[in-house]
Amino acid sequence: MQIGLISYTHENTPIEVREDIKFASNEYDKAYSYFREHSLFEEAVILSTCNRTEIYFTYENSYSEALAEIKCFLVKIFDLADDYLDHYGQGYKMIDAIYHLFEVAAGIDSQVIGDQQILGQVKEAQKKANEYDAIHKYLNKIFREAITVAKKVRTETALSEKKLSLSSVAVELIGRKFTDLSGKKVLVIGVGEMSRIVLDLLEERGVEEIYATNRTHGKTVNIARYYRGVSPVQFSRLHKIAADVDIIISSTAAPHYVLHREK
C-alpha cells in the first residue's frame, strides 16, 4: 500500500485557480463516489479550504498514474479544460505526503503561520471521508496521528500564544490603516467561520457600527443576535450599504464575484 497526495496551495497555485477547484458541500458526494468506484484508489481524503485543495490517497501500483488520474478527475468534476491544471499543484508520496499533512495540521504549512483554523478543517476532512466510507485503516491512522501531534504543537510551542488566522491578520491590517476603529462603519459579507472571527475581533477593537449580510438572510439574523453592534442587512441592499461604509470585509463560498465595479 502506497500513500500519495496532490496539493494546490498559495505556494504553487494562484488564487483564481484554487477558487475553481474548491469543493462546495454538494460536490463531495460525487467526488467520493468516484474514489470508491475507481480501482486505482483504496482510500481518499479531500481537504478543501479557502486557501488549499488537497487530495490524500492510497494506491497500489504507479504513483504517476494515480496522480494523473486525480488531475483528470478534478478537471472533469469542475468542468475545466483538460490542460487547466498542468502547471499547478505539487505531488507528494509516502513519507513526504505524511510529513506534509503533519505540517498542515499543525499550522506550519499555512499562509499565516500558526493558523488556528486549519486543525478543525483537517478534522472535518477526516470525518467527511469516513461518512462516505472513503477512508480506512491507513489514512485514518495517519490523520489521527497528525491531529494528535498538531494539538501537542499548539500546547507546547509559541504557536499557541496568539490566535492567528487570515481573519485576525485582516483585522490587524485594518488596525494599522486606521488609528481609531471605534468610529468606523464596517460591512462584513458572509457569515461563515472566518466572518464570525472577524466580527469577534472588530467588537474587541471597539467598532460599534457593523453591518452583516449573506444570501441567506436568516443566517445573518441569527449571527447578529450574538453581537451587540451588528445590524443584519438584506443581501439585495449590499451595494447600497457598501457605498456608505469605511471598510468592507468579504468572506463567502460564492464561486463568483460578490462585489462589482459598476455598482
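As a basis for the values below, the full set of heavy atoms in this structure was taken, side chains included, without hydrogen atoms, waters or symmetry mates.
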Would you kindly confirm whether [X] and [Y] end up in one hydrophobic cluster when ILVMFWY residues are joined by side chain heavy atoms under 4.5 Å apart?
| X | Y | result |
| --- | --- | --- |
| Phe235 | Val245 | yes |
| Met94 | Phe143 | yes |
| Ile77 | Phe57 | yes |

| message | Ring centroids only, cut at 6.0 angstrom: are Phe35 and Phe73 within range, meaning strictly under it? | response |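 They qualify: ring centres under 6.0 Å apart.
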| task | May I ask you to check whether Tyr8 and Tyr88 place their ring centres under 6.0 Å from each other? | result | no
Compare every heavy atom of [Y] with every heavy atom of [X], then report the nearest pair and how far apart it is.
| X | Y | result |
| --- | --- | --- |
| Tyr63 | Gly91 | OH-C, 3.1 Å |
| Ala150 | Ala105 | CB-O, 3.3 Å |
| Phe23 | Ala31 | CE2-CB, 3.7 Å |
| Ala44 | Ile135 | O-CB, 4.3 Å |
| Glu27 | Lys22 | OE1-O, 3.6 Å |
| Glu54 | Leu5 | CB-CD1, 3.8 Å |

Side chains of [X] and [Y]: closer than 4.5 Å at any heavy-atom pair?
| X | Y | answer |
| --- | --- | --- |
| Ile189 | Leu259 | yes |
| Thr13 | Leu85 | no |
| Phe102 | Glu145 | yes |
| Thr9 | Val104 | no |
| Ile147 | Leu119 | yes |
| Arg144 | Lys141 | yes |

| field | Steps toward side-chain hydrogen bond (donor to acceptor under 3.5 Å, both in side chains) verdict (Asp20, Tyr84) | value | CA-CA 10 Å; Asp20 285 339; Tyr84 187 74; 2.4 Å; yes
Hey, is the main chain of [Y] close enough, under 3.5 Å, to the side chain of [X] for a donor-acceptor pair?
| X | Y | value |
| --- | --- | --- |
| Thr213 | Val233 | yes |
| Gln2 | Tyr59 | no |
| Asn140 | Lys137 | no |

Would you compute the distance between atom [atom1] of [X] and atom [atom2] of [Y] and round it to the nearest 0.5 angstrom?
| X | Y | atom1 | atom2 | value |
| --- | --- | --- | --- | --- |
| Leu187 | Arg237 | CG | CZ | 10.5 Å |
| Arg154 | Lys152 | CZ | NZ | 15.5 Å |
| Tyr56 | Ile46 | OH | CD1 | 12.5 Å |
| Leu67 | Ile6 | CG | CD1 | 4.5 Å |
| Glu42 | Thr58 | CD | OG1 | 5.5 Å |
| Thr53 | Leu47 | OG1 | CG | 8.0 Å |

| When you check the side-chain N and O atoms of Gln90 and His100, is any donor under 3.5 Å from an acceptor? |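 No, because no side-chain N or O of Gln90 sits under 3.5 Å from a partner of the opposite role on His100.
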| query | Do Ser64 and Ser62 have side-chain N/O donor and acceptor atoms under 3.5 Å apart? | reply | yes
| query | Would Glu69 and Tyr34 count as a side-chain hydrogen bond (donor to acceptor under 3.5 Å, both in side chains) if you check the C-alpha gap in whole Å, the side-chain angles of each, and the deciding distance to 0.1 Å? | reply | CA-CA 11 Å; Glu69 185 60 35; Tyr34 168 88; 2.5 Å; yes
| What do you reckon, is CG of Asp82 surrounded by more than 12 foreign heavy atoms closer than 6.0 Å? |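 Result for CG/Asp82: open.
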| task | Using the side-chain contact (heavy atoms from CB on, under 4.5 Å) rule, pick out the option among Val45, Asn130, Leu101 that qualifies with Leu139. | result |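 Output: one option passes, namely Val45.
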